[in-house]
Amino acid sequence: MQDEYRTVARAGVHETEINRSRFRCALAPAATEREAQEFVAAVRKEHADATHNCWAYVIGADASVQKASDDGEPGGTAGVPMLQMLLRRDMRYVVAVVTRYYGGVKLGAGGLIRAYGGVVGETLDTVGTLTRRRFRLATVTVDHQRAGKVQNDLRSTGREVRDVRYGEEVVIEIALPDTDVDAFRSWLADATAGTARFEPGGETYGDV
């Protein structure tokens, strides 16, 4: 698994004009390929009168799914530069649709490549991106007497407390970088005089 990747903070739109053609880029997060395809379909429906609705998306933390379409523009001048811009920025789980309203001036292959790739880059800057890092899920089981201090210490050191369950003992679900696991075990043993239990679990991605 990738240690980290970037994605868009939210859905958003940015528009620019190049030689009288309007280039409108719509970006959105997409957890699955189906979500990406549904977003493309929605934009195409909204802008059915446009000259072109070109698109690209990258799904998977390791970019396992990469697809793009020129939608009638000369081959390799629209969808591919859009996809390349997303990959160059390490973007994942994201879909981009660039809607073009032709303004009467031909841009040529180089101009189209710069326009389509460029408007995606500008939109990423406008919408904003966030970094998501791989974390190890784990549980800490501790007695009631020490639970409050452990929770406070976890939060004060910036560790993510995902859930707390109270029973005979207190079970605290946390997420921490893999590289911190050994140091965390040592800290927990010191903080609880060796009474707490630490059980590592699966992996997930969380905001940095």
Side-chain angles (χ1 to χ4, degrees), residues 2-135 160 204-208:
Q2 290 275 111
D3 281 337
E4 63 181 42
Y5 65 86
R6 297 170 71 193
T7 191
V8 286
R10 59 182 175 81
V13 175
H14 173 73
E15 186 173 311
T16 188
E17 186 174 308
I18 302 171
N19 285 354
R20 300 211 298 268
S21 279
R22 284 172 52 210
F23 290 86
R24 176 191 185 275
C25 178
L27 275 176
T32 63
E33 187 172 10
R34 182 175 178 179
E35 276 188 25
Q37 292 168 346
E38 288 173 350
F39 182 77
V40 170
V43 175
R44 289 172 66 92
K45 184 177 180 181
E46 182 184 353
H47 296 277
D49 59 335
T51 318
H52 306 279
N53 283 291
C54 307
W55 52 264
Y57 56 75
V58 182
I59 307 297
D62 56 354
S64 56
V65 178
Q66 306 175 21
K67 292 190 179 174
S69 168
D70 296 314
D71 192 37
E73 292 280 29
T77 63
V80 169
M82 291 169 62
L83 180 62
Q84 288 174 338
M85 179 60 71
L86 294 176
L87 293 172
R88 193 178 308 143
R89 297 285 195 95
D90 292 324
M91 300 302 296
R92 304 289 188 267
Y93 296 106
V94 64
V95 54
V97 183
V98 175
T99 300
R100 183 189 183 190
Y101 287 92
Y102 181 57
V105 178
K106 290 187 176 181
L107 301 181
L112 289 172
I113 289 169
R114 286 189 297 275
Y116 278 99
V119 72
V120 171
E122 290 173 11
T123 309
L124 288 170
D125 293 338
T126 300
V127 171
T129 63
L130 52 85
T131 300
R132 294 179 67 79
R133 183 173 295 159
R134 184 160 57 101
F135 289 94
E160 182 186 357
T204 189
Y205 284 91
D207 296 345
V208 175

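Heavy atoms only: backbone and side chains are in, while hydrogens, waters and symmetry mates are out.
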Who passes salt bridge (charged side-chain N to carboxylate O under 4.0 Å, His left out) against [X], sequence neighbours left out?
X: Arg100; value: Glu73
X: Glu15; value: Arg22
X: Lys106; value: none
X: Arg44; value: Asp71

Residues two or more places apart in sequence or in another chain: which of them pass side chain to side chain contact (heavy atoms under 4.5 Å, CB included) with [X]?
X: Arg88; result: Gln84, Met85
X: Ala115; result: Ile18, Phe23, Leu107
X: Glu46; result: Arg24
X: Thr32; result: Arg34, Glu35

Is it true that a side-chain atom of [X] and a backbone atom of [Y] form a donor plus acceptor pair closer than 3.5 Å?
X: Thr7; Y: Tyr93; value: yes
X: Ser21; Y: Gly103; value: yes
X: Thr204; Y: Phe135; value: no
X: Asp90; Y: Tyr5; value: no

For residues [X] and [Y], report the shortest heavy-atom separation together with the two atoms involved.
X: Pro81; Y: Gly76; answer: CD-O, 3.4 Å
X: Ala11; Y: Pro29; answer: N-CD, 3.8 Å
X: Ala9; Y: Leu130; answer: CA-CD2, 3.7 Å
X: Arg92; Y: Leu87; answer: NH1-CD2, 4.0 Å
X: Asp70; Y: Gly75; answer: OD2-CA, 3.4 Å
X: Val127; Y: Gly12; answer: CG2-CA, 3.7 Å

If the condition is side chain to side chain donor-acceptor pair (under 3.5 Å), which residues does [X] pass it with, not counting sequence neighbours?
X: Asp125; answer: Arg89
X: Tyr102; answer: none
X: Thr99; answer: Asn53

*Using the side-chain contact (heavy atoms from CB on, under 4.5 Å) rule, take Thr123 and Val13 through it: C-alpha gap first, then chi angles, then the decisive distance, then the call.*
CA-CA 7 Å; Thr123 309; Val13 175; over 6 Å; no
*Arg6 side, atom CZ; Arg132 side, atom CZ - distance, nearest 0.5 Å*: 14.0 Å
*Got a second to check how far Leu27's CG is from Glu122's CD, nearest 0.5 Å?*
11.5 Å
*Hey, does Met91 have a side-chain heavy atom less than 4.5 Å from the side chain of Val8?*
yes
*Tyr116 and Val80, any side-chain heavy atoms less than 4.5 Å apart*: no
Hey, can you pull the donor-acceptor pairs under 3.5 Å for the side chains in residues 56-63, sequence neighbours left out?
{"residue": "Tyr57", "atom": "OH", "partner": "Glu33", "partner atom": "OE2", "Å": "2.7"}
{"residue": "Tyr57", "atom": "OH", "partner": "Gln37", "partner atom": "NE2", "Å": "3.4"}
{"residue": "Asp62", "atom": "OD1", "partner": "Ser64", "partner atom": "N", "Å": "3.3"}
{"residue": "Asp62", "atom": "OD1", "partner": "Ser64", "partner atom": "OG", "Å": "3.4"}

